[in-house]
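In what follows, a single structure is set out as structure tokens and then discussed.
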Amino acid sequence: MSGQDLDAVIVGAGFSGLYMLHKLRGLGFSARVIEAADDVGGTWYWNRYPGARCDIESCDYSYSFDEDLQQEWQWSERYASQPEILRYLQHVAERFDLRRDITFETRVERAQWDEAAQLWTVSTDSDEQLTARFCIMGTGCLSSFNTPDIPGLADFAGDTYTTGQWPHEGVDFTGKKVVMIGTGSSSIQSTPIIAQQAERLTILQRTPNYVVPGHNYPMPDDEANKVKQSYAELRDAAQESAVGSGRALPRTPHLATSLDEQTFLSDMERRWAVGGLVGFVGAYADLNMDPAAANRVGEFFADKIRARVSDPEVAEKLIPHDHYVTTKRLCVDTGYYESFNRDNVDLVDLRTTPIETIVADGVRVGDTLIEADALVLATGFDAMTGSLNRIDIRGTKGMSLADKWNEGASSLLGLMSHGFPNLFTITGPGSPSVLTNMVTSIEQHVDYIAGVMVYLRDQDGVQIEAEQDVEDAWMAHNNTVAQTTTYMSANSWYIGANIPGKPRVFLPYIGGYHAYRAICQDIAQNGYCGFLIDGAARPCEVNFDAHVESFTPEELMVA
Ligand code: FAD
Ligand code: NAP
């Protein structure tokens, strides 16, 4: 500990940072969290737009690490709303007395590795400098808001709101003409509520998305009690699942393309009746691999839109046409499509008529001025790398992480990147993260990072970093697995396509949570081979392909 303030600096006080702090404390490490916001919560602190809620069931989308915590907390709805998830995280902070080691309203601007001292120096916007053996980024995959570069945005005279930085006091749109830009999950959740308030709501749509119903409901006591009794099985099931969810509907044991029409429709209707994200993403082995399977499922979605939207022209505009189902994040709705049956809601297709400019009193689309008192930007995030690249992270020989990632993010297991010793990224690029129930992935990463730190301590080691060759092999494996899917064909944020100039690299690992976890375990059991400990490399025989389901077309045909 000589010459250092702490064992670890943790950046961010969302699900990741809170659990990381608790875990390290329990293992006898000293740690401090630095958080830009004035309270805990992360995503659930910032995204306070109307209708914000999780789209993975709350019993699943919650910490599993403490039995008493999961027994004492009662979720009030199937999918908790943002205020309830925030209250939950505040409760966690209080229950485990976490706030005393969190510095709020402070942004980390720079993190620099000191090779001689083998310490990180972390500098903040309040001119504080902390030194620590480890620096752990819990900065979030979806925490750098994307403000679109639309001409005239600054000239708008009304109020501009961004979903990812919504005012704490809320917004009342009563009597207002509102224009919303974007039709991703945030827009799809907020549209029905804004539509009920506003005098007029105009949605500017560039790309329609695939949307499944949430079928949210208040959680009856008997169901809540049943969940509490079966938490052990639910969490075990999450560990064995490709999406880290104990509630994922089992995969249909046939290819989507091989089912007769009646069987296919009844299977899809069964999934539709349950609703929610995790029932669809892995429904069929060929869904994410074979365009014909995706088209068949996509057509089912299209018919559902036609059935829910009264105006056939509007319905056709809302049907996705340029990407396969699941290749952009599926959205989950409560009353989204019905909003377009209201007299005060309009849909504008920006593919037909793009935005010309924003002016003081509205948005000019083609030759038409859409008048607006308020503008809502639901335009997404610089996902997975945005918040990391906004920090000036300097590793060995002053190398910048942003420079290293200039051609695309590169890591070993999404946890570490060569040249940046003792720097961990929770749910970093190259890990399953956003393709899973994030809380499961966060807990797995936190436990793993803590395991690495304990291993190092037990060996009297000081420094660990990814070995470049093994990192390259991991990235090649990531790419190979992604190439077998339809995901690579979509202009999604998974691939950086939503941010002008961002390198096109498939960012999350798509081999499945269960496979990823098994790979991590193999590496740990082999003494963390693939990681250099105090500069020493060890042979690493771990086969990344061994746990990943094979998806070659030939194998799919016999599935
Ligand atoms: P975050 O919650 O993003 O927290 C990161 C924190 O780091 C933030 O508080 C930020 O202020 C802080 N920070 C970042 N940079 C700095 C810096 N330089 N200095 C200081 N502080 C910094 N996932 C699911 O699995 N299911 C869902 O239903 C789901 N719903 C979502 C809904 C919305 C609206 C959004 C935006 C995301 C959703 N996600 C969902 C993903 C969600 O981000 C994760 O589930 C999870 O909350 C991430 O937790 P985290 O702690 O890793 O990151
Ligand atoms: P998003 O899915 O990236 O959607 C952003 C929307 O803005 C897209 O429709 C995009 O169009 C549009 N857009 C961006 N720039 C534009 C421009 N210059 N002009 C016109 N349109 C523009 O962002 P999000 O809705 O905030 O969701 C991000 C992720 O957060 C989700 O995928 C999900 O993982 C998570 N999330 C989850 C929930 C939930 O239900 N629990 C809710 C919100 C968010 P293009 O598609 O054409 O780029």
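Start at 1 and go down the list; that is how both ligands and their atoms are numbered.
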Say whether [X], considering both its backbone and side-chain N or O atoms, lies within less than 3.5 Å of an N or O atom on ligand 1.
X      : answer
Thr427 : no
Ala36  : yes
Thr43  : yes
Met438 : yes
Val108 : yes
Phe15  : yes
Trp46  : yes
Asp55  : yes

field: For Thr436, atoms of ligand 1 separated by under 4.0 Å from a heavy atom
entry: 25 (O)

- line: A student checking ligand 1 against Cys54 at a 4.0 Å heavy-atom cut-off should list atoms 28 (O)

- request: Flag the pair Tyr45 / His168 as yes when their ring centroid distance falls below 6.0 Å, and as no otherwise.
  value: yes

Near [X], which atoms of ligand 2 are under 4.0 Å from a heavy atom of that residue?
X      : result
Gly182 : 6 (C), 7 (O), 9 (O), 12 (C)
Leu142 : 29 (C), 30 (O), 34 (O), 35 (C)
Ile181 : 20 (C), 21 (N)
Pro148 : 18 (N)
Leu350 : 20 (C)
Tyr49  : 42 (C), 43 (C)

CA sep, side-chain torsions, deciding dist, call: Tyr19, His445, ring pair (Phe, Tyr, Trp, His ring centres under 6.0 Å): CA-CA 10 Å; Tyr19 179 40; His445 262 196; over 10 Å; no

Is [X] salt-bridged to [Y], cutoff N-O under 4.0 Å?
X      : Y      : value
Asp333 : Arg308 : yes
Asp101 : Arg25  : yes
Asp392 : Arg394 : yes
Glu35  : Arg107 : no
Arg99  : Asp39  : yes

Would you indicate whether the side-chain heavy atoms of [Y] and [X] approach each other to under 4.5 Å?
X      : Y      : value
Leu18  : Ile102 : yes
Tyr63  : Glu443 : yes
Met180 : Leu201 : yes

Look at [atom] and say which protein heavy atom is nearest, naming residue and atom and giving the distance to 0.1 Å.
atom                    : result
atom 2 (O) of ligand 2  : Gly184 CA, 3.7 Å
atom 40 (O) of ligand 2 : Gln189 NE2, 2.9 Å
atom 3 (O) of ligand 2  : Trp493 CD1, 3.5 Å
atom 12 (C) of ligand 1 : Glu35 OE1, 3.4 Å
atom 23 (O) of ligand 2 : Gly380 CA, 3.1 Å
atom 45 (P) of ligand 2 : Thr207 OG1, 3.4 Å
atom 4 (O) of ligand 1  : Gly42 CA, 3.4 Å
atom 8 (C) of ligand 2  : Thr183 N, 3.9 Å

Shortest heavy-atom approach to [atom] - which of [options]:
atom                    : options                        : value
atom 41 (N) of ligand 2 : Met438, Arg351, Arg329, Arg53  : Arg53
atom 44 (C) of ligand 1 : Tyr61, Trp44, Tyr79            : Tyr61
atom 53 (O) of ligand 1 : Gly14, Ser186, Gly140          : Gly140
atom 5 (C) of ligand 2  : Pro500, Ser185, Ala378, Cys331 : Ala378
atom 25 (O) of ligand 2 : Gly214, Ser186, Cys54, Ser187  : Ser186

Return yes if a side-chain donor-acceptor contact under 3.5 Å exists between [X] and [Y], otherwise no.
X      : Y      : answer
Arg235 : Ser62  : yes
Arg32  : Thr103 : yes
Arg517 : Gln239 : yes

Ligand 1 contact by [X], heavy-atom criterion under 4.0 angstrom:
X      : answer
Ile442 : yes
Tyr45  : no
Gly138 : yes

- prompt: Do Trp166 and Tyr161 pass the ring pair (Phe, Tyr, Trp, His ring centres under 6.0 Å) test, and can you show the C-alpha distance, the side-chain angles, and the key distance before you say yes or no?
  reply: CA-CA 6 Å; Trp166 202 260; Tyr161 303 101; 5.4 Å; yes

- request: Walk me through it: do Phe96 and Phe65 pass the test ring pair (Phe, Tyr, Trp, His ring centres under 6.0 Å)?
  value: CA-CA 12 Å; Phe96 299 105; Phe65 68 81; 5.5 Å; yes

query: How does Trp166 reach ligand 1, by side chain, by backbone, by both or by neither, if only non-hydrogen atoms under 4.0 Å count?
result: neither

- prompt: Which is it for Thr106 and ligand 1 at heavy atoms under 4.0 Å: side chain, backbone, both or neither?
  reply: backbone

- prompt: Between Trp46 and Phe145, does a ring pair (Phe, Tyr, Trp, His ring centres under 6.0 Å) hold up when you go through it step by step?
  reply: CA-CA 10 Å; Trp46 295 106; Phe145 194 78; over 10 Å; no

Any nitrogen or oxygen of [X], main chain or side chain, under 3.5 Å from a nitrogen or oxygen of ligand 2?
X      : result
Lys328 : yes
Thr163 : no
Arg206 : yes

message: Using 0.5 Å steps for rounding, measure from the CD atom of Glu57 to the CG atom of Asn216.
response: 9.5 Å

message: So, applying ring pair (Phe, Tyr, Trp, His ring centres under 6.0 Å) with Phe301, which one of Tyr324, Phe280, Tyr337 is it?
response: Phe280

Reference residue Asn288; test side-chain hydrogen bond (donor to acceptor under 3.5 Å, both in side chains); the match among Thr486, Thr485, Thr326: Thr326

query: Ignoring hydrogens and geometry, is there a side-chain-to-backbone donor-acceptor pair from Asp38 to Glu105 under 3.5 Å?
result: no

